[in-house]
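Mind having a look at this structure? Questions to follow.
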Amino acid sequence: MRKAFICGNWKMFKTPGETVALVRELRAKLNESASVEVGIAPPFTSLAAARQALLGSHLRLAGQNCHWEAQGTFTGEVSAPMLKEVGCDSVIVGHSERRQHFGETDEAVNRRARAALESGLTPIVCLGETLAEREAGRTLDVVSRQIRACLAGFSPAQVEALVVAYEPVWAIGTGRVATPAQAQEVHQALRGWISDLAGRAVADKVRIQYGGSVKPDNAAELLALPDVDGALVGGASLKADDFARIVAAARRR
Ligand code: PGA
């Protein structure tokens with residue numbers, strides 16, 4: 001049984017001061033237990049404050065992106081070793097908002113994920129189809145191409161060390177969530193492609209999160225699906241109550 005991993009993607013919300021307040025509220029409401037992994041991904045400028053506020057907690061801390069070089073002339077970028085030193089153990093790469101607004105390609109996602117692995121961070125590799133692609137019946141083609149390109153050249157051990165997040169673009173921030181059948185179809189297919197790339201034993205261990213309008217009232221049915229091993233939560237992760245209820249749903253699964 002794969003342990004569920006619920007990660008909050010805070011996007012461009014929460015200053016350091018606001019981060020400390022939300023982390024305190026979360027810690028009070030979360031009822032931490034070893035049965036579910038829980039993490040948060042605040043903006044870069046709030047990571048140090050989050051780390052401090054998380055002292056004594058088992059919550060994981062993630063960056064929202066990382067560059068493939070350890071340092072260099074890349075204005076506006078942050079590297080995996082920098083995230084590691086500030087106290088992150090994971091990093092989101094390839095989020096659809098990066099792909100959509102900042103020209104992120106599968107090749108760049110591959111390099112970012114590799115750099116994360118080399119620094120000992122868990123990459124959360126995001127992928128998913130747009131509405132136009134789904135409506136054209138191309139969902140599985142698109143997602144298959146993305147997973148192969150994002151994980152190209154990775155050893156089975158590297159694949160085993162990462163997390164995949166399936167996030168249909170049309171479900172992100174829209175309130176429109178994938179149906180359980182839609183989510184399970186893609187998650188199951190993803191596990192098959194991961195098996196082609198890294199072998200069945202690895203594919204059986206890799207966690208595949210679902211993301212896109214996960215809320216307290218739909219989390220339980222999504223998390224109960226056989227190939228859904230957690231969630232990447234945007235909007236609902238900014239409300240301590242909602243996030244705690246999603247984590248509780250994961251604990252009951
Ligand atoms: P959402 O965002 O939960 O607000 O839809 C999910 C994500 O972008 O990871």
Side-chain angles (χ1 to χ4, degrees), residues 4-14 18-19 22 26 36-44 46-47 50 59-66 88 90-104 106 109 112-113 116 121-131 133-134 139 142-143 146-147 150 162-180 182-183 186-187 190 207-223 225 228-250:
F5 179 21
I6 309 291
C7 189
N9 172 11
W10 290 11
K11 309 193 179 186
M12 199 174 72
F13 293 97
K14 304 296 172 187
E18 292 165 347
T19 294
L22 181 53
L26 272 176
V36 178
E37 277 172 41
V38 184
I40 56 171
F44 294 136
S46 293
L47 288 170
L59 255 69
R60 301 183 65 164
L61 187 63
Q64 295 180 15
N65 191 21
C66 69
C88 290
S90 38
V91 58
I92 298 168
V93 291
H95 189 277
S96 75
E97 286 152 14
R98 302 281 330 156
R99 294 172 183 264
Q100 204 178 325
H101 304 302
F102 303 98
E104 194 84 74
D106 289 330
V109 176
R112 294 184 196 278
L121 297 171
T122 304
I124 300 174
V125 178
C126 303
L127 36 76
E129 81 289 359
T130 63
L131 184 59
E133 289 163 340
R134 175 161 286 271
T139 298
V142 168
V143 176
Q146 289 174 328
I147 190 82
C150 290
L162 55 78
V163 170
V164 174
Y166 168 59
E167 300 203 297
V169 176
W170 47 271
I172 295 177
T174 57
R176 191 174 157 188
V177 65
T179 65
Q182 287 171 327
V186 178
H187 280 241
L190 274 167
R207 281 162 319 166
I208 309 177
Q209 297 173 323
Y210 169 81
S213 297
V214 175
K215 306 286 177 212
D217 61 359
N218 60 27
E221 67 174 352
L222 288 162
L223 292 167
L225 297 168
V228 173
D229 312 310
L232 189 56
V233 183
S237 72
L238 295 170
K239 297 181 196 129
D241 255 332
D242 284 3
F243 193 61
R245 286 168 65 201
I246 292 167
V247 171

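Predicted model, so just to flag it, every value in this text is computed and none were measured. First listed ligand is number 1; within each ligand, the first listed atom is number 1. Along the sequence shown, residues carry numbers from 1.
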Exercise. Might you work through the side-chain contact (heavy atoms from CB on, under 4.5 Å) test for R60 and C7, ending with a clear yes or no?
Key: CA-CA 8 Å; R60 301 183 65 164; C7 189; over 6 Å; no
Practice problem: Describe, in one word, how the ring planes of Y210 and H187 are oriented to each other, choosing from parallel (under 30°), tilted (30 to 60°) and perpendicular (over 60°). | Solution: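 It falls in the tilted class, 30° to 60°.
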Self-check item: Close approach, A236 and ligand 1, non-hydrogen under 4.0 angstrom
Solution: no
Exercise. State which residues pass ring-ring contact (aromatic ring centres under 6.0 Å, His included) with F5; sequence neighbours excluded, sorted by chain then number.
Key: none
Quiz prompt | From CD (Q209) to CD1 (I6), nearest 0.5 Å | solution =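 Spacing of CD (Q209) from CD1 (I6) equals 7.0 Å.
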Quiz item: Counting both backbone and side chain atoms, is some N or O of E167 under 3.5 Å from an N or O of ligand 1?
Solution: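 So ligand 1 has an N or O lying under 3.5 Å from an N or O of E167.
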Self-check item: Close-contact set for ligand 1 against S213 heavy atoms, below 4.0 Å
Solution: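 Near S213, the atoms of ligand 1 are 1 (P), 3 (O), 5 (O).
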Practice problem: Please indicate whether F44 has more than 12 foreign heavy atoms, meaning atoms of other residues, nucleotides or ligands, lying under 6.0 Å from its CZ. | Solution: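 Enclosed: over 12 neighbouring heavy atoms sit under 6.0 Å from CZ of F44.
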Exercise. Would you give the length of the straight line joining atom CG of L190 to atom OH of Y166, rounded to the nearest 0.5 angstrom?
Key: 8.5 Å
Quiz prompt | Distance filter under 4.0 Å to N9 heavy atoms, resulting ligand 1 atoms | solution =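 By the 4.0 Å cutoff, the relevant atoms are 8 (O), 9 (O).
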Exercise. Drop me the distance from C126's SG to I92's CD1, to the nearest 0.5 angstrom.
Key: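 Going from the SG atom of C126 to the CD1 atom of I92 covers 6.0 Å.
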Quiz prompt | Heteroatom proximity flag, G173 to ligand 1, N/O under 3.5 Å | solution =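 N/O-N/O distance under 3.5 Å: yes.
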Exercise. Determine, using heavy atoms of K11 and all atoms of ligand 1, whether some pair is separated by less than 4.0 Å.
Key: yes
Quiz item: Of the backbone atoms (N, CA, C, O) and the side-chain heavy atoms from C-beta on, which set of A171 has a member under 4.0 Å from an atom of ligand 1: side chain, backbone, both, or neither?
Solution: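 It is the backbone that touches ligand 1; the side chain stays farther off.
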Self-check item: Pair R99 + E104, salt bridge at N-O below 4.0 Å
Solution: no
Quiz prompt | Location of contacts on I172 toward ligand 1, heavy atoms closer than 4.0 Å | solution = both
Quiz item: Please state which protein non-hydrogen atom is closest to atom 3 (O) of ligand 1 and give its distance, to 0.1 Å?
Solution: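 The protein heavy atom lying closest is G234 N, 2.9 Å.
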Exercise. Would you check the N or O atoms of H95, main chain and side chain alike, for any that come under 3.5 Å of an N or O of ligand 1?
Key: yes
Practice problem: Look at atom 4 (O) of ligand 1 and say which protein heavy atom is nearest, naming residue and atom and giving the distance to 0.1 Å. | Solution: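 Looking only at protein heavy atoms, the one closest to atom 4 (O) of ligand 1 is G235 N, 2.8 Å.
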